[in-house]
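Report on the structure given below.
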Amino acid sequence: MMNRHDFTRRTIFAFLMSSLPFAAHAQNSLLNKGKGFLSGVKGGSASGLSLSDGEIGGGLKDALKVATQRVVGQLGKSDGYFNDAAIRIPLPGVIQKIQGPLKSIGAAGMLDDLQLKMNRAAEQAAPKALDIFTDAVSKMSITDARGILTGPEDSATKYFRGATSDNLTRAFLPVVSQSLSSAGAATVFQSVQSRAAGLPLVGADVSKFNLADFTVGKALDGLFLYLGKEEAAIRTNPAARTTDVLKKVFG
């Protein structure tokens with residue numbers, strides 16, 4: 001005959017056993033929700049994780065097209081660089097060091113003209129980025145694409161900077177060099193070099209300086225700065241997603 005103590009123990013045991021399936025289901029549900037939440041906050045769009053490879057690739061191509069066209073349209077026009085304080089190309093540091101002495105001998109106008117022409121050269125070179133970015137995205141692997149989709153806000157910008165900087169430099173350099181030459185910037189710079197030659201300590205640095213290389217480097221910095229801003233807008237601002245694929249991938 002079962003006493004009250006044995007009956008109580010068996011009742012508790014039976015209750016615990018009957019509760020295990022529910023507990024396991026609840027635990028799995030919480031784990032799955034946790035995994036979904038983590039993949040959503042990892043940096044990219046949670047909805048993008050379930051898309052096909054074609055949709056991801058198409059979305060990133062659209063994003064690149066939209067972002068690049070906006071940036072090139074903004075920078076590849078008169079005053080695109082020069083009137084933008086965030087990316088205006090400054091005089092090289094070696095010249096800034098002697099800017100005071102040069103101005104004191106009447107070179108102020110010459111320096112202003114030189115800076116304007118450097119920015120004009122960058123504005124003329126900017127459209128060269130379109131084809132280079134388009135070619136880079138066509139060669140992107142699906143692994144790269146998924147990494148960009150789930151990465152930080154500037155993942156695509158970093159990827160393209162690594163993949164295209166050399167080609168962009170090669171494409172920009174002849175345009176910048178030709179622009180500096182035809183606009184008379186090369187002649188102005190030679191005059192600056194000539195005047196700086198007599199200054200102690202810095203004259204030699206100015207004589208060896210490559211103005212075209214400096215201008216190209218700063219032009220690319222400005223290009224990628226705004227490409228990063230466009231990428232962040234597409235990821236976070238629904239109004240910036242101007243195609244159906246963009247809305248699906250980044251929505």
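All heavy atoms count here, side chains included; hydrogens, waters and symmetry mates do not.
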Grab the two heavy atoms, one from A122 and one from A219, that are nearest each other, plus how far apart they are.
CB-CB, 3.7 Å
Considering all heavy atoms, the nearest A67-E230 contact:
CB-CB, 3.7 Å
Heavy-atom closest pair, residues S78 and E123:
CA-OE1, 3.6 Å
Quick check on the hydrophobic clustering: are L111 and L180 connected, directly or via other members, by side-chain heavy-atom contacts under 4.5 Å?
yes
Kindly compute the distance separating OG1 (T164) from CG (L223), expressed to the nearest 0.5 Å.
8.0 Å
With a 4.5 Å cut-off on side-chain heavy atoms, are V71 and Q74 touching?
no
Membership question, hydrophobic clusters at under 4.5 Å side-chain separation (ILVMFWY): are V72 and V176 in the same one?
no
Kindly indicate whether the side chain of F214, heavy atoms from C-beta on, has any atom under 4.5 Å from the side chain of M118.
yes
Mind jotting down which residue pairs meet the ring pair (Phe, Tyr, Trp, His ring centres under 6.0 Å) criterion with at least one end in residues 141-161? Sequence neighbours excluded, please.
F133-F160
Residue pair K117 / A183: nearest heavy atoms and the distance that separates them:
NZ-O, 2.7 Å
Answer yes or no: is there a donor N or O on one side and an acceptor on the other, between the side chain of E153 and the main chain of A232, under 3.5 Å?
no
State the CG-CD1 distance between N119 and I89, to the nearest 0.5 angstrom.
4.5 Å
Residue list, side chain to side chain donor-acceptor pair (under 3.5 Å) with T157, at least two apart or on another chain:
E231
So salt bridge (Lys or Arg N to Asp or Glu O under 4.0 Å) across residues 156-185, not counting sequence neighbours, yields D154-K158, R161-D221
Where K77 and G73 come nearest, the two heavy atoms and their spacing:
CD-O, 3.6 Å
Return the set of residues passing salt bridge (Lys or Arg N to Asp or Glu O under 4.0 Å) with D144 (not counting sequence neighbours), or none when no residue passes.
none
L114 side, atom CG; L91 side, atom CG - distance, nearest 0.5 Å
6.0 Å
Pairs flagged by side-chain hydrogen bond (donor to acceptor under 3.5 Å, both in side chains) wherever residues 181-190 is involved - sequence neighbours left out:
none
Apply side-chain contact (heavy atoms from CB on, under 4.5 Å) to A85 and list each qualifying residue two or more places apart in sequence or on a separate chain.
R88
Applying side-chain contact (heavy atoms from CB on, under 4.5 Å), run through R70 and Y226 and close with a yes or a no.
CA-CA 9 Å; R70 285 177 179 167; Y226 276 108; over 6 Å; no
S155 side chain vs P152 backbone, donor-acceptor pair below 3.5 Å:
yes
What pair of heavy atoms forms the shortest contact from A126 to F172, and how long is it?
CA-CZ, 3.8 Å
Just to verify, what does D213 make a salt bridge (Lys or Arg N to Asp or Glu O under 4.0 Å) with, not counting sequence neighbours?
none
For S177, side chain to side chain donor-acceptor pair (under 3.5 Å) partners two or more places apart
none
Got a sec, which residues hit side chain to side chain donor-acceptor pair (under 3.5 Å) with Q124, two or more places apart in sequence or on another chain?
S179
What residues, two or more places apart in sequence or in another chain, satisfy salt bridge (Lys or Arg N to Asp or Glu O under 4.0 Å) together with D79?
R120
Remaining members of the apolar cluster that contains L116, side-chain heavy atoms under 4.5 Å
F82
Flag the pair F224 / L168 as yes when at least one side-chain heavy-atom distance between them is below 4.5 Å, and no otherwise.
yes
Residues in side-chain contact (heavy atoms from CB on, under 4.5 Å) contact with A171, at least two apart in sequence or another chain:
K128, I132
